[in-house]
Engineer: 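One structure follows; several queries about it will come next.
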Amino acid sequence: MDMHVHDRRRFLALAAAAATAPLLTACGAGFGGDDKKNDGSAAADVTGSFDWKREKGKTVKALLNKHPYTDALIADLKSFTEKTGIKVEYDVFPEDNYFDKLTVDLSSGRASYDVFMLGAYMVWQYGPPGWLEDLGPWMRNSSATGDEWDQADFFPNLLQADQWSLKAGAPLGQGGQYALPWGWETNVVAYNTEVFKKLGLKPAESFDELREVASVIKKKAPDAGFDGMYGIAVRGSRSWATIHPGFMTMYARNGLKDFTVTDGKLKPAMNTPEASAFTQDWAGMVKQGGPPSWTSYTWYQCSSDLGAKKAGMLFDADTAAYFQAVKGASPASGKIAFHPGPKGPDGSLATNMWIWSLGMNAKSKKKSAAWLFLQWATGKEHLRKGAITYNHIDPVRKSISQDGAYKDKMRHLEGFIDTFEAVVDQTKIQFTPQAQFFDATTSWASALQEIYGGKNAESVLNGLASDLATKVS
Amino acid sequence: MTSLTETDHGAASREEGARQVRAVPRWRRGLRPYLLIVPALLLTGGILYPFGLGLYYTLFDFSASKPQPDMVGFENYRTVFTQEAFWNSAWVTVLYAVGAAAVETVLGVAVALLLHRSSLIGRVLEKILILPLMIAPVIAAIIWKLMLQPSVGVINHLLKPFGLGGVQWTDTPTGALLSSIAVDVWVYTPFVAILALAGLRSLPTSPFEAAAVDGAGWWYTFRRLTLPMLWPYVLVAVIFRFMDSLKVFDIIYALTEGGPGDSTVVLQIRAYLEAIRFQRYSFGISYTIVLWAVVYLAAMVLVRYLGRLQNRAAEVSK
């Protein structure tokens, strides 16, 4: 009997040990990190003359965000398969959870997707852990890249936005090319010409004027026949995406910085007296002329309010207004005009941008085929078709922005081409590249909401800066 | 002779039986109890393995920017507890959980009392009442987000005749928290009501008949009879709802994203932001481990109280 009890105990002890062993083994495996380090690029394996059919019969998997640019890509995929013999399988997710899906997938270290859409800010997050393939060696290898791809045709500021040395605070345009510009957005003011005409308003040339115009519209438009119209639609949700369009553009035009870099060390600068005053004024503008329920506003609400004649102005991506402005798209279509927006005190039109880029998974097993896909998707042929036949506007290539057919298509939108040309050279990423970008900007959006709610800007921003100082140091 | 034969036959069958028993080797018989506990072991392992791994990860500085992490001991927990953001989130989480569980309990019991009076309306309401439970909380939150929208939402439209059409429900810290609790109440009050109703239907009728004969009023009967007898059932609902509310994520995230400011950033949202959005894995897991400890302790206290109540009820009924 005793022996039996002893056996059971021993069995349980062994079972517990067996259960613990894989746990410890797994822990010791190094957190799922990659074991085999290979500094040489797979691009070096591609030799001989360039051939679109080189990877015929392969399948590339793509992760895409639901977007009109994506619709244009999907509509033209057949051309890619005909050209290369490569099939493309794709998953499309809405923006609300697209980046979470991508982040989780990349951090798992699997190669579920060979290529994916990302923004330049994501390079700062995905680059340092080694999840993104450096596309530089592919671009430089003439066996892998055809002559017609023509790297010099890209707007240089766009190509540089996806280049980084992976060092916090180091400027963009140096180091690896971690993604390719594919579609972009510049942040400008779009306005309802009907309400401007009726109220005798002109697009604002300074920030003070913008605040004034927003306030006047909110006060007077409802009595002028625009029921429920407010002045200006800007984003307000507790998300990094609130900071980067209109807010960061106006912030940069005022010569303000998010961080200062001294000897490679970052110091938060969003709490300087000038930055605090600007932030207070921005929150005041939203309070006086912004939408009700602003704290939940994403670009979807901003864009649809402009289209539904609920907003007199929109300070956001030009595409957000474009999709409402095209014929038949919304009640306001045909009555939306574009303007570069207020200048800074020194006349600056510095503009923050968003780039939808395409990147390659560093763990992909089909890098050569994936590179052919990236080359095609960012090539002249597809992008020209996207811009002219579909809604892939704001070309990343100079040749397409100057193409007669493209200009003809955009000409009927009042001020679009002039605005695009006025800001294109001054549009770049106005943030300081660093891996804590999403924490910093989400906290910044949260601070902005608190200031909008009535808290003192200086004390809120001082709190934000001291919290961020420890995180980015 | 006959009896001898019968005895022989009996002996033969005993021998046969013994042979059959012997036919199963002893080691196999000995193994049976262990085989029976295999599913339980697998289940326990399936729960403990990820939990243990998570716990282990919290001892490291593990993030996307540091895929080969250093052991830092309890540093993550020290940072969590010294962060103002943590205490803010803990406070919001407690406010939310207590608020939601309290309102759901009161409303749930009230609804159960109404439905307990058998009537056609009661039976119809019983069917309707269960509908919110069939909707995923995140969908319910999105529906409510649209309904609470100040300019186009139906709630302000309905309140307009009373001069309250311009309420910005989720734009103020208090409004956002109350709106989130309201959605939780909308989704989960039926759960409490169903449990309370089941309890009401299982109560003995004789004490109520005696109270009626003695001329006891409704309020007296409710306070002295119904509520004390129903309390163990209600407490089960409270335990479930309180623990669930401490772990809330979906409703708040879909409704307010944690804003305005940090006013509705509960511990779960903080953990999600840290671990997924900002990719500080160890730190994010530390938040969830702290939350787990809080939920575990709260559940332990409540379950012990429930046990005492049930023991008392068992002694009374002896």
Side-chain angles (χ1 to χ4, degrees), chain A residues 4 7-8 11-12 15 18-20 22-24 26-27 30-34 99-100 103-104 106-107 109 125-126 128-131 168 228 230 236-240 291-296 301 305 310 435-436 438-439 442-443 445-455 460 463 467 471, chain B residues 30-31 33-34 37-38 41-42 44-45 48-50 52-53 56-57 59-60 62-69 79 83-85 145 148-153 156 166-173 176 254-265 272-274 276-282:
Chain A
H4 190 67
D7 278 350
R8 184 175 293 155
F11 173 80
L12 289 173
T20 318
L23 175 109
L24 295 174
C27 296
F31 298 79
D34 198 343
F99 286 111
D100 283 347
T103 306
V104 169
L106 289 174
S107 63
Q125 193 180 23
Y126 302 156
W131 300 341
Y230 60 85
S237 74
R238 195 181 175 282
S239 157
W240 61 272
S293 201
W294 171 74
T295 56
S296 65
Q301 282 86 30
D305 277 6
K310 291 278 174 202
Q436 305 303 325
F438 293 100
D439 188 359
T442 304
S443 307
S446 168
L448 198 52
Q449 288 185 339
E450 287 183 6
I451 296 162
Y452 169 80
K455 287 197 179 168
V460 170
D467 178 46
K471 289 175 177 168
Chain B
L31 197 60
Y34 300 116
I37 64 162
V38 165
L41 267 181
L42 286 175
T44 313
L48 287 182
Y49 182 82
L53 204 59
Y56 179 73
Y57 279 5
L59 305 178
F60 289 81
F62 177 32
S63 64
S65 54
K66 210 163 185 195
Q68 294 302 324
T79 314
Q83 263 193 342
E84 200 185 317
K145 189 176 182 173
L148 292 171
Q149 218 282 333
S151 50
V152 295
N156 274 4
V167 184
Q168 302 212 359
W169 295 98
T170 55
D171 260 12
T172 63
L255 198 68
T256 67
E257 267 186 88
D262 278 358
S263 61
T264 53
V265 180
Y272 158 78
L273 289 175
E274 290 291 347
I276 306 293
R277 201 50 75 77
F278 310 149
Q279 297 179 302
R280 293 192 283 257
Y281 310 126
S282 296

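From a predicted model like this one, the values you see are computed outputs, not experimental measurements. First the proteins, then the strands, lettered A, B, ... as listed; each starts at 1.
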Engineer: Less than 4.5 Å to any heavy atom of chain B: does that hold for the side chain of A:Thr442, its backbone, both, or neither?
Structural biologist: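 It is the side chain, since no backbone atom gets that close.
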Engineer: Picking from B:Gln279, B:Arg277, B:Glu257, which has the most non-hydrogen pairs under 4.5 angstrom with chain A?
Structural biologist: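 Greatest number of close heavy-atom pairs with chain A: B:Gln279.
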Engineer: Between B:Thr264 and A:Arg238, is a side-chain contact (heavy atoms from CB on, under 4.5 Å) present by the stated rule, with each step listed?
Structural biologist: CA-CA 11 Å; B:Thr264 53; A:Arg238 195 181 175 282; over 6 Å; no
Engineer: Where do A:Thr103 and B:Ile276 come nearest, in terms of heavy atoms and distance?
Structural biologist: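 So the two residues come closest at CG2-O, 3.8 Å.
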Engineer: Among B:Gln168, B:Arg280, B:Lys145, which residue forms the greatest number of heavy-atom pairs with chain A at distances under 4.5 Å?
Structural biologist: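 Result: the option with the highest number of such pairs is B:Arg280.
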Engineer: Check whether A:Gln436 gets within reach of chain B through its side chain, its backbone, both or neither, counting any heavy atom under 4.5 Å.
Structural biologist: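 For A:Gln436, the contact with chain B is made by the side chain alone.
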Engineer: Is B:Leu255 in contact with chain A via its backbone, its side chain, both, or neither, using a 4.5 Å heavy-atom distance?
Structural biologist: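 B:Leu255 has no heavy atom closer than 4.5 Å to chain A.
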Engineer: Report which part of A:Lys455 has an atom under 4.5 Å of a heavy atom belonging to chain B: side chain, backbone, both, or neither.
Structural biologist: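 The answer is neither part of A:Lys455.
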Engineer: Taking all atoms of both residues into account, what is the closest heavy-atom pair of A:Ser293 and B:Pro150, and its distance?
Structural biologist: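 Closest approach of A:Ser293 to B:Pro150, heavy atoms only: CB-CD, 3.2 Å.
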Engineer: Heavy-atom pairs under 4.5 Å with chain B - which of A:Ile451, A:Asp439, A:Asp467 has more of them than the others?
Structural biologist: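 Among the listed options, the one with the most contacts to chain B is A:Asp439.
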Engineer: Can you see which heavy atom on A:Gln449 is nearest to which on B:Pro260, and at what distance?
Structural biologist: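 Looking at all heavy atoms of both residues, the closest pair is OE1-CA, 2.9 Å.
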Engineer: Search all heavy atoms of A:Pro292 against all heavy atoms of B:Asp171 and return the closest pair with its distance.
Structural biologist: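 That would be C-OD2, 4.4 Å.
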Engineer: Go through the steps for A:Tyr230 and B:Ser151 under the test side-chain contact (heavy atoms from CB on, under 4.5 Å), then give the verdict.
Structural biologist: CA-CA 11 Å; A:Tyr230 60 85; B:Ser151 50; over 6 Å; no
Engineer: Measuring heavy-atom distances to chain A, does B:Thr172 have an atom under 4.5 Å in its side chain, in its backbone, in both, or in neither?
Structural biologist: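 For B:Thr172, there is no contact with chain A at all, as no heavy atom is under 4.5 Å.
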Engineer: Answer with side chain, backbone, both or neither: which region of A:Phe99 has an atom nearer than 4.5 Å to a non-hydrogen atom of chain B?
Structural biologist: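 Contact with chain B is absent: no heavy atom of A:Phe99 under 4.5 Å.
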